[in-house]
**Q** 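Structure below; questions to follow.
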Amino acid sequence: MKFTYSVAGRSDRGLVRAGNEDSLKIDRENDLFIVCDGMGGHQAGEVASREACDVIGYCFTDLAEKITAHPELNPPAELPQRGALLISAIRIANRSIYIHSRANSALSGMGTTLVAMVLEENLAGIAHVGDSRVYRYVGDRLIRMTSDHSWVSELQASGQVSPEEAARMAGRNVITRALGVNERVDVDFRSEPLKAGDIFILCTDGLCGYAEDEEIRSVLNSCLGDLNAMVENLIKLANEHGGQDNVTVLTVRIDSIEKPPEDIKSFGPVTVSKEGEEALAFENSIVNTIIDIREKAAEEDITITADSKTSHLPLMLIFLAFIVIAVLFIIFYSGD
């Protein structure tokens, strides 16, 4: 590894919602970080956001070699190696959520936003779908690294409405892109050279949908580089704005890094277009493999539980025998 980092993150239900449909994943082994904001009734959003985190995790562990061996799954752009794997993993997560939502009527229509970051060499690869965000905090400056895939954001980007008008518009949280809604999905990606001291903030719109960027920057400035304080105070900020939504915040600070080669440069942002028809069969195969892995893990858990109970049986018999002897002893001497 050519860098070291610290990380902190937490998800909060907020003050209004009965449940929490956000999910986050911190995978230090693979230098992978994910934040998702699920949508769908009857806890379907929670299922979708958790599924996205789990499937992408499998793609970076058990299935990484299988995925990279299939050129049909690889995005066409010249992405960094782990950035390309991240895009493939997000596509597979999208496919998995899409399939499950159609196989179970209770999950119909579920989906999730996603922001994900993977570190490799001296690069941070950032991918996103929806209106969850990634920021880069440099010194006392807050730089937005993603563009919201939302109706109002796209109107604003096209010049049809001003930022002030956008802030007052009804339906400003209507998103135009999410995982699991369609069988294929466009994914935005960029990579940036790492610099010691930089802090990346991944968050759901439970924060950035209610607090202005300047408010977020002010909170970060007040935390003096303490990642846990940043997480807790940003969640507090969201709740001070009414806590109407679940809120998830994940922070990653680059603590040290070797001097990056001069040829390492920023890449993107680019929109990696939907995969072709030939990729869908391979994605289905990966989804089925993940199902098999889960079923095997569940069977192993059952076996371990059964073995654990069996191993405790002799001790339980000895304990019961001790109780019986003690009771007989008390009865015998009580009779005297």
**Q** Could you give me the CA-CA distance, side-chain angles and deciding distance for Thr61 and Glu29, then say whether side-chain contact (heavy atoms from CB on, under 4.5 Å) is met?
**A** CA-CA 9 Å; Thr61 52; Glu29 183 177 348; 5.7 Å; no
**Q** Quick one, Glu283 and Arg184 - any side-chain contact, counting heavy atoms below 4.5 Å?
**A** no
**Q** Considering only heavy atoms from C-beta outward, does the side chain of Asn20 approach that of Glu46 to under 4.5 Å?
**A**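 Of all side-chain heavy-atom pairs linking Glu46 with Asn20, none is under 4.5 Å.
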**Q** Sorted by first residue and then second, give each ring-ring contact (aromatic ring centres under 6.0 Å, His included) pair with at least one member in residues 102-128; sequence neighbours left out.
**A** His128-His149
**Q** Give, for atom SG of Cys59 and atom CG of Leu32, the distance between the pair rounded to the nearest 0.5 Å.
**A**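 Answer for the SG-CG pair, Cys59 versus Leu32, is 10.0 Å.
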**Q** For residues Ser11 and Leu24, report the shortest heavy-atom separation together with the two atoms involved.
**A** CB-CD2, 4.1 Å
**Q** Are the side chains of Val287 and Ile92 in contact, using a 4.5 Å heavy-atom criterion?
**A**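 Answer yes - side chains close enough.
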**Q** Which atom names give the shortest non-hydrogen contact between Leu142 and Asp213, and what distance separates them?
**A**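 Looks like CD2-O, 3.5 Å.
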**Q** Can you name the residues that form a side-chain hydrogen bond (donor to acceptor under 3.5 Å, both in side chains) with Thr271, not counting sequence neighbours?
**A**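 Asp188.
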**Q** Compare every heavy atom of Leu123 with every heavy atom of Pro80, then report the nearest pair and how far apart it is.
**A**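 Closest approach of Pro80 to Leu123: CG-CD1, 4.0 Å.
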**Q** Is the shortest heavy-atom distance from the side chain of Val249 to the side chain of Met230 under 4.5 Å?
**A** no
**Q** Please identify each residue that fulfils salt bridge (Lys or Arg N to Asp or Glu O under 4.0 Å) with Lys236, with sequence neighbours left out.
**A** none
**Q** Check whether any side-chain heavy atom of Asn122 sits under 4.5 Å from a side-chain heavy atom of Pro193, and report yes or no.
**A**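 Heavy-atom side-chain distance check fails, nothing below 4.5 Å.
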**Q** Once rounded to the nearest 0.5 Å, what's the spacing between atom CG of Leu85 and atom CD1 of Ile56?
**A** 10.0 Å
**Q** Under a 4.0 Å threshold between the charged nitrogen and the carboxylate oxygen, would Arg294 count as salt-bridged to Glu51?
**A**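 Counted as a salt bridge, because a side-chain N and a carboxylate O are separated by less than 4.0 Å.
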**Q** If the threshold is 4.0 Å, N to carboxylate O, is there a salt bridge linking Lys296 and Glu299?
**A** no
**Q** Begin with the C-alpha distance, continue with both residues' side-chain angles, and end with the deciding distance and a verdict on side-chain contact (heavy atoms from CB on, under 4.5 Å) for Met145 and Ile143.
**A** CA-CA 6 Å; Met145 306 297 290; Ile143 304 167; 4.0 Å; yes
**Q** For the residue pair Tyr210 / Asn239, report whether a side-chain donor-acceptor contact shorter than 3.5 Å exists.
**A**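 No, Tyr210 and Asn239 have no side-chain donor paired with an acceptor closer than 3.5 Å.
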**Q** Looking only at non-hydrogen atoms, find the nearest pair between Ala8 and Val231 and report the distance.
**A**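 Distance-wise, the nearest heavy atoms are O-CG2, 3.7 Å.
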**Q** Given side chains that start at C-beta, do those of Tyr58 and Thr289 come closer than 4.5 Å, heavy atoms only?
**A** no
**Q** Please determine whether the number of non-hydrogen atoms from other residues, nucleotides or ligands lying under 6.0 Å from atom CD of Gln81 exceeds 12.
**A** no
**Q** Going by atom types only, do Asp131 and Ser150 share a side-chain donor-acceptor pair under 3.5 Å?
**A** no
**Q** Please round to the nearest 0.5 Å and tell me the distance separating atom CG of Asn30 and atom CD of Glu120.
**A** 12.0 Å
**Q** Are Asn233 and Leu237 side-chain neighbours, meaning at least one heavy-atom pair lies under 4.5 Å?
**A** no
**Q** For Gly197 and Arg253, which heavy atoms make the closest approach, and how far apart are they?
**A**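 Shortest heavy-atom contact: O-CG, 4.3 Å.
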**Q** Does any non-hydrogen side-chain atom of Cys53 lie less than 4.5 Å from one of Cys36?
**A** yes
**Q** On a heavy-atom basis, which atom in Ser256 and which in Ala196 lie closest, and how many Å separate them?
**A**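 Smallest heavy-atom distance, with atoms named: CA-CB, 4.3 Å.
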**Q** As a quick check of understanding, evaluate side-chain contact (heavy atoms from CB on, under 4.5 Å) for Val272 and Arg91, giving each step before the final call.
**A** CA-CA 10 Å; Val272 182; Arg91 288 172 167 177; 3.6 Å; yes
**Q** With side-chain contact (heavy atoms from CB on, under 4.5 Å) as the test, would you mind laying out the steps for Arg217 and Tyr135 before giving the verdict?
**A** CA-CA 10 Å; Arg217 187 187 73 86; Tyr135 293 94; over 6 Å; no
**Q** If a pair satisfies ring-ring contact (aromatic ring centres under 6.0 Å, His included) and one of its residues is in residues 175-207, list it, with sequence neighbours excluded.
**A** none
**Q** Please go through Tyr98's hydrophobic cluster and name the other residues, only I, L, V, M, F, W, Y counting, with side-chain heavy atoms under 4.5 Å joining them.
**A** none
**Q** Assess the residue pair Arg133 and Asp205 against the criterion (salt bridge (charged side-chain N to carboxylate O under 4.0 Å, His left out)); give the C-alpha distance rounded to whole Å, side-chain angles, the decisive distance to 0.1 Å, and a yes or no.
**A** CA-CA 7 Å; Arg133 290 182 185 171; Asp205 75 328; over 6 Å; no
**Q** Name the atoms and distances for all side-chain donor-acceptor pairs under 3.5 Å in residues 107-119, with sequence neighbours left out.
**A**
{"residue": "Thr112", "atom": "OG1", "partner": "Asp37", "partner atom": "N", "Å": "3.4"}
{"residue": "Thr112", "atom": "OG1", "partner": "Asp37", "partner atom": "O", "Å": "3.2"}
{"residue": "Thr113", "atom": "OG1", "partner": "Asp37", "partner atom": "N", "Å": "3.3"}
{"residue": "Thr113", "atom": "OG1", "partner": "Ser132", "partner atom": "OG", "Å": "2.8"}

**Q** So which of Ile199, Asp140, Leu234 actually passes side-chain contact (heavy atoms from CB on, under 4.5 Å) with Leu220?
**A** Leu234
